[in-house]
Amino acid sequence: MGCHLCEVYCQVQHSKSKDLIKAFKRESPRPLPRLRVETKDSISFAVQCRHCAEPPCVYACLTGALHKDKDSGIVTVDVERCIGCWTCILACPFGVIKRDTKQGKIVKCDLCPGEDVPACVVHCPNEALIYADVSGEDING
Amino acid sequence: MRVRYLIIGNSAGGIGAAQAIREVDKAGSIAMISDEPYPSYSRPFISKYLVERHSLEKMLFRPADFYDQNNIISLLDRKVDSLGWESRTVELDDGRRIGWERLLLAVGGVPIVPAVEGVDKRGVFAFTTLDHAKAIDKFLDNAHKAVVIGGGLIGVSATEALAKRGIEVVIVEMKERILNTILDERASLIVEETLDRADIRVITGQTVTEIAGAPKVSEVVLGSGEGIPCDLVVVAIGVSPRIELTLGTDIKVNRGIVVDRHMATSHPDIYSCGDVAEAYDFVYDTNRLTPIWPNAYVGGRVAGLNMAGVETEYPGGTSMNSLSYFGLDIAAAGIVAPPDEEGYEALTKQTNESYRKVILKDDRLVGMVFVRDIEKSGIVFGLMKDRVNVGSFKQAILDDDFGLAFLPEEIWRPRLEASLGRG
Ligand SMILES: Cc1cc2nc3c(=O)[nH]c(=O)nc-3n(C[C@H](O)[C@H](O)[C@H](O)COP(=O)(O)OP(=O)(O)OC[C@H]3O[C@@H](n4cnc5c(N)ncnc54)[C@H](O)[C@@H]3O)c2cc1C
Ligand code: SF4
């Protein structure tokens, strides 16, 4: 329905305080949302990292900062190694990698480490976002 | 020594292949050879090294224990002198011979040295290896002014690093504008303005006729007669495929080593990838050199899978570059300036903040340039790569809010569903 709450809760989850008010009012820089809600006419859906089986971003990474974990399948970035060349941004067909231009590093979905279910899914009022392990419907018209 | 898989070159292509082989063949012996003395490191990172003198550990492309973890024999600082393509051996510079069953030539490129008097003087450097960066670094203590010959990606990368080290830099480019192979005119101009603001002088349309000074460089002389005083010179006029090992063999070479869609050369058990290879380019629909890191890695990966017997087709690559120099972000790919022929259509959009352009042919994307606002560039590149007919929504591609939702549902839905690929 295009409420953008998933973006908000993604920001909260990746903030220092993990508190909505503090994250938005006091934290500077405010964390960037790691997913994007797209809306056109009556359609609206959230696009987040697909943690691709053959991840173009990982294959494009110039430094080895992006990595797909063999066991979990999660694609994560080692910010220590990221040099902000943005090659992965051009490589990702979903456009879900963001630039943190202050730090000169990318920001991307990490599926909320430590949580059973990612924050975007937990807080979707419409239950439109579904967390499925290997494949599944997670989009909603 | 005899191995199942021998990989010459320990960089993007070689590592892509080694990792792919190990995914499907845990036991087959792998050896990797490099004439550089370091484990695989990020070559594009050498400019950052020059700025911050990072530790080697930080520059490594894979963790230091990568070779042990993957049971790979790594021979560093060892050059392959010759290739026995019939005997299936190679000979090393220490006289050793290594036998192989499958061979990968991921040997990259060598910097082109211009035929200019004085290029062998002290203070003249290339900029393609970590050792080059180290040599420049040592030289900088007593240097104030540098001339970078060549305004391509490597030249601009060297320029930024030198400028950050407090060196005054002049770029000399032979063509009319810098970055002329990867950007269109407008984007080149934006880069030139950015360089100008950083107090970098860019001289275009000029060749260097002499590097003067004895014994150390003191001046670069241009075709116009102008002399530019300097303490060092970085030569960055390009890289050419390092085809030396194929000389005298039957392996088919055009400008680079010609490979098929399996990344195999004309010899069925010899594969190639990366800067040395002429592989399939999906924009031009023919084999071309596309000397960029991601294509080397993916080409290596495909080569590795095929070498290990898992038949895999190279989807093709094209020139794709993301630049982030002097705070200016640019993403560009494919044909950036439409050739003077019928059938090409260019759409552009410029605001104070950004410049975006796509080139279409028969309603399919064949090129793109995104300046400053690059976050959606990947979606556009994806459409280009998949040869999607964008005719019904092409006007929206350059909009600020462009996204997958603008695509017909029969395109976005399967994309979002199919790619959930954890595992
Ligand atoms: C300064 C700089 C900046 C760059 N920036 C970018 C960028 O932003 N984006 C991008 O996509 N690309 C960039 N590139 C290009 C990128 O680095 C190359 O495309 C990539 O390294 C190609 O990988 P490769 O595996 O084909 O070969 P290479 O990286 O060239 O490696 C080949 C290796 O093989 C070794 N070798 C060759 N012959 C022999 C032999 N006979 N015996 C033993 N060893 C041998 C070489 O010494 C070398 O170590 C940049 C390059 C440079 C120099
Ligand atoms: S960032 Fe993009 S390319 Fe990388 S795994 Fe996620 S969706 Fe795939």
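The sequence lines fix the lettering, A, B, ..., with proteins before strands; numbering per chain opens at 1.
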dist A:Leu62:CG -> B:Phe45:CZ (nearest 0.5 Å) comes out at 10.0 Å
In this structure, CZ of B:Phe406 is separated from CD1 of A:Ile43 (nearest 0.5 Å) by 9.5 Å
One should read off an interatomic distance between A:Glu38 CD and B:Asp401 CG, to the nearest 0.5 angstrom, of 8.5 Å
Residue from B:Tyr297, B:Tyr325, B:Phe370 scoring the most non-hydrogen pairs under 4.5 Å with chain A is B:Tyr297
Contact list (residues 76-88 of chain A to chain B, heavy-atom gap under 4.5 Å, by number) returns A:Glu80, A:Arg81, A:Ile83, A:Gly84, A:Cys85, A:Trp86, A:Thr87
In this structure, CG of A:Leu90 is separated from NZ of B:Lys376 (nearest 0.5 Å) by 15.0 Å
### Task
May I ask you to decide if B:Leu416's main-chain N or O and A:Arg50's side chain share a donor-acceptor pair within less than 3.5 Å?
yes
Output for pair (B:Leu404 CG, A:Arg36 CZ), nearest 0.5 Å, gives 6.0 Å
* To do: Could you tell me whether A:Lys98 and B:Glu375 make a salt bridge, using a distance below 4.0 angstrom between a side-chain N and a carboxylate O?
  => no
Correct closest heavy-atom pair for A:Arg99 and B:Arg372 would be NH1-O, 2.8 Å
Per-residue tally against chain A (heavy atom, under 4.5 Å) across B:Arg62, B:Arg301, B:Gln19, B:Met320 peaks at B:Arg301
Q) Taking C-beta and beyond as the side chain, do B:Ser377 and A:Ile89 meet within less than 4.5 Å on heavy atoms? A) yes
Interface check, chain B: of A:Gly64, A:Pro93, A:Cys57, most non-hydrogen pairs under 4.5 Å belong to A:Pro93
dist A:Lys40:NZ -> B:Asp399:CG (nearest 0.5 Å) comes out at 10.0 Å
Of the listed B:Gly382, B:Ala12, B:Gly378, the one with the largest count of heavy-atom pairs under 4.5 Å with chain A is B:Gly378
Cut-off 4.5 Å, heavy atoms of chain A, and the answer for B:Ile15 is neither
Next on the checklist: Atom NZ of residue position B:Lys26 - does it have more than 12 heavy atoms of other residues, nucleotides or ligands inside 6.0 Å?
Outcome noted: yes
Query raised in the report: Around atom NZ of B:Lys385, are there more than 12 heavy atoms of other residues, nucleotides or ligands at under 6.0 Å?
Result: no
